[in-house]
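The structure appears right after this line, and notes come after that.
Order of listing sets the numbers, starting from 1, for every ligand and every atom in it.
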Amino acid sequence: MTISAETQSTPNYQAILDQIWSEVAPRLGEGKVASYIPQLATVPLAQFGMAVYTLDGRLFTTGQAQTRFSAQSVTKLFALALAYTREGDAIWQRLGKEPSGTAFNSLVQLEYERGKPRNPFINAGALVITDILASRFVDSEIAVLQFIRQLCGSTTPDFDLKVAQSELQTAHRNYAIAHLIKDFGNLHNTVSAVVRSYCRQCSITLNCEELAKAAAFLANHGTVPWNNQQILDHSSAKRISAVMLTCGTYDAAGEFAYRVGLPAKSGVGGGIVAVIPGEAAVAVWSPGLDASHNSALGTYALARLTDLTWHSIF
Ligand code: GLN
């Protein structure tokens with residue numbers, strides 16, 4: 001079906017998702033699965049799913065929107081939001097909110113910026129957020145899982161302990177980052193406890209439908225649209241979304257904003273969640289990653305979505 005200009009104000013999401021699927025299907029298999037976490041290297045490459053959850057409660061999907069995948073760094077969004085509900089702006093004493101311009105697992109800035117990570121979406125920043133949560137909850141990763149379940153109204157998101165174990169056994173870089181932060185006095189719990197919780201948090205699996213629903217509160221100015229529960233005030237929701245835009249897709253945040261034009265958070269499992277303020281949340285998953293570790297077809301699909309719907313923040 002051809003998408004016409006009159007879809008601009010009220011997009012026909014299903015027709016647009018069908019069109020995106022028809023464009024993506026011949027390209028399945030592009031990109032590379034993350035292989036530095038051995039268990040993720042076993043995920044079949046040629047997969048794609050997408051879901052749009054509108055604030056008036058409609059769900060549109062295409063492809064494997066019900067297939068569960070490893071959320072990985074997408075969980076950093078929910079960990080940040082949870083920490084922000086508890087500590088507010090105090091978190092910014094321990095980490096920044098500037099794009100890093102370096103890879104998500106880089107150590108270079110951390111040394112000369114004296115253990116204060118650039119932002120909560122690179123590994124260094126996420127480890128500090130885990131530490132903040134670990135000081136407040138018995139098990140920070142369980143708190144993050146419960147938060148995600150609460151936001152999407154489903155109990156199926158869960159840990160994949162095989163993935164967690166696989167990452168923990170090869171987590172040399174994350175240990176190095178955590179040790180450096182600890183040396184600068186910016187980690188209050190033990191390195192081993194923080195890295196273990198972080199790996200378990202990253203192993204959370206969920207599907208596109210659940211992920212889109214879980215992020216809808218950010219599109220809805222901080223309030224969960226389907227049960228009216230306020231998670232953050234509108235100003236805080238705006239701020240979290242702003243950090244997503246500038247830092248959510250690693251050192252490709254500029255390229256991603258240029259192509260997609262939405263606040264988003266990606267993960268090396270191939271998931272990306274994006275927010276259309278006042279309208280919808282979108283989740284896409286395809287395990288093949290581009291050179292910057294963002295899902296190749298996922299980024300393409302989101303760029304097509306904003307072009308076809310005219311709904312970006314620009
Ligand atoms: N668990 C992964 C890691 O720490 C998450 C990275 C990511 O998704 N960018 O390396």
Side-chain angles (χ1 to χ4, degrees), residues 31-43 68-80 95 99-108 110 117-131 133 140-141 144-145 148 157 159-181 187 191-206 211 215 243-244 247-253 255-256 264-274 283-296 298-299:
K32 288 196 175 114
V33 287
S35 55
Y36 74 98
I37 299 173
Q39 197 61 28
L40 290 186
T42 66
V43 175
R68 294 168 70 189
F69 60 90
S70 192
Q72 294 297 321
S73 280
V74 174
T75 63
K76 291 172 181 164
L77 172 62
F78 300 102
L80 169 65
L95 72 164
S100 72
T102 58
F104 65 89
N105 56 3
S106 173
L107 280 137
V108 287
L110 207 50
R118 271 285 169 103
N119 69 65
F121 292 151
I122 52 172
N123 287 13
L127 287 161
V128 169
I129 293 288
T130 298
D131 186 59
L133 293 175
S140 70
E141 72 276 20
V144 173
L145 177 66
I148 291 172
F159 301 118
D160 181 335
L161 293 177
K162 254 182 163 178
V163 169
Q165 195 56 26
S166 174
E167 175 165 12
L168 199 59
Q169 281 163 356
T170 53
H172 311 299
R173 242 171 207 280
N174 285 328
Y175 277 117
I177 291 168
H179 276 294
L180 199 51
I181 297 171
L187 212 66
V191 164
S192 59
V194 170
V195 174
R196 191 179 58 238
S197 289
Y198 168 81
C199 289
R200 286 192 185 154
Q201 173 197 305
C202 286
S203 84
I204 291 173
T205 58
L206 76 188
L211 180 55
V243 182
M244 290 168 80
C247 310
T249 45
Y250 323 126
D251 45 336
E255 175 75 16
F256 189 92
K265 183 72 205 89
S266 60
V268 294
I272 308 176
V273 65
V284 62
W285 164 68
S286 185
L289 307 180
D290 62 20
S292 53
H293 294 90
N294 294 305
S295 171
T299 305

Need the ligand 1 atom indices (1-based, order shown) with element for anything under 4.0 Å from a heavy-atom of [X].
| X | result |
| --- | --- |
| G267 | 8 (O) |
| C202 | 1 (N) |
| Y250 | 7 (C), 8 (O), 9 (N) |

Open item on the list: If you measure every N or O of V268 against every N or O of ligand 1, does any of those distances drop under 3.5 Å?
Closed with: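 N/O-N/O distance under 3.5 Å: yes.
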Whether [X] side chain and [Y] backbone form a donor-acceptor pair below 3.5 Å:
| X | Y | value |
| --- | --- | --- |
| S106 | A103 | no |
| S203 | D160 | yes |
| W285 | R68 | no |
| S295 | G271 | no |
| S166 | Q39 | yes |

Considering only non-hydrogen protein atoms, determine which one is nearest to [atom] and report residue, atom name and distance to 0.1 Å.
| atom | result |
| --- | --- |
| atom 6 (C) of ligand 1 | S73 OG, 3.1 Å |
| atom 4 (O) of ligand 1 | Y198 OH, 2.7 Å |
| atom 2 (C) of ligand 1 | Q72 OE1, 3.1 Å |
| atom 10 (O) of ligand 1 | Y36 OH, 2.5 Å |

Task: Close approach, N105 and ligand 1, non-hydrogen under 4.0 angstrom - done: no
Task: Sub-4.0 Å heavy-atom contact, E167 with ligand 1 - done: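 Yes, E167 has a heavy atom closer than 4.0 Å to ligand 1.
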Task: Per-residue contact class, N123 against ligand 1 - non-hydrogen pairs under 4.0 Å - done: side chain
- [ ] Would you kindly say whether N105 and N123 are connected by a side-chain donor-acceptor distance under 3.5 Å?
- [x] no
TODO: Could you check if a side-chain atom of L107 sits within less than 4.5 angstrom of a side-chain atom of R173, using non-hydrogen atoms only?
DONE: yes
Task: Pair H293 + F104: ring centers closer than 6.0 Å - done: yes
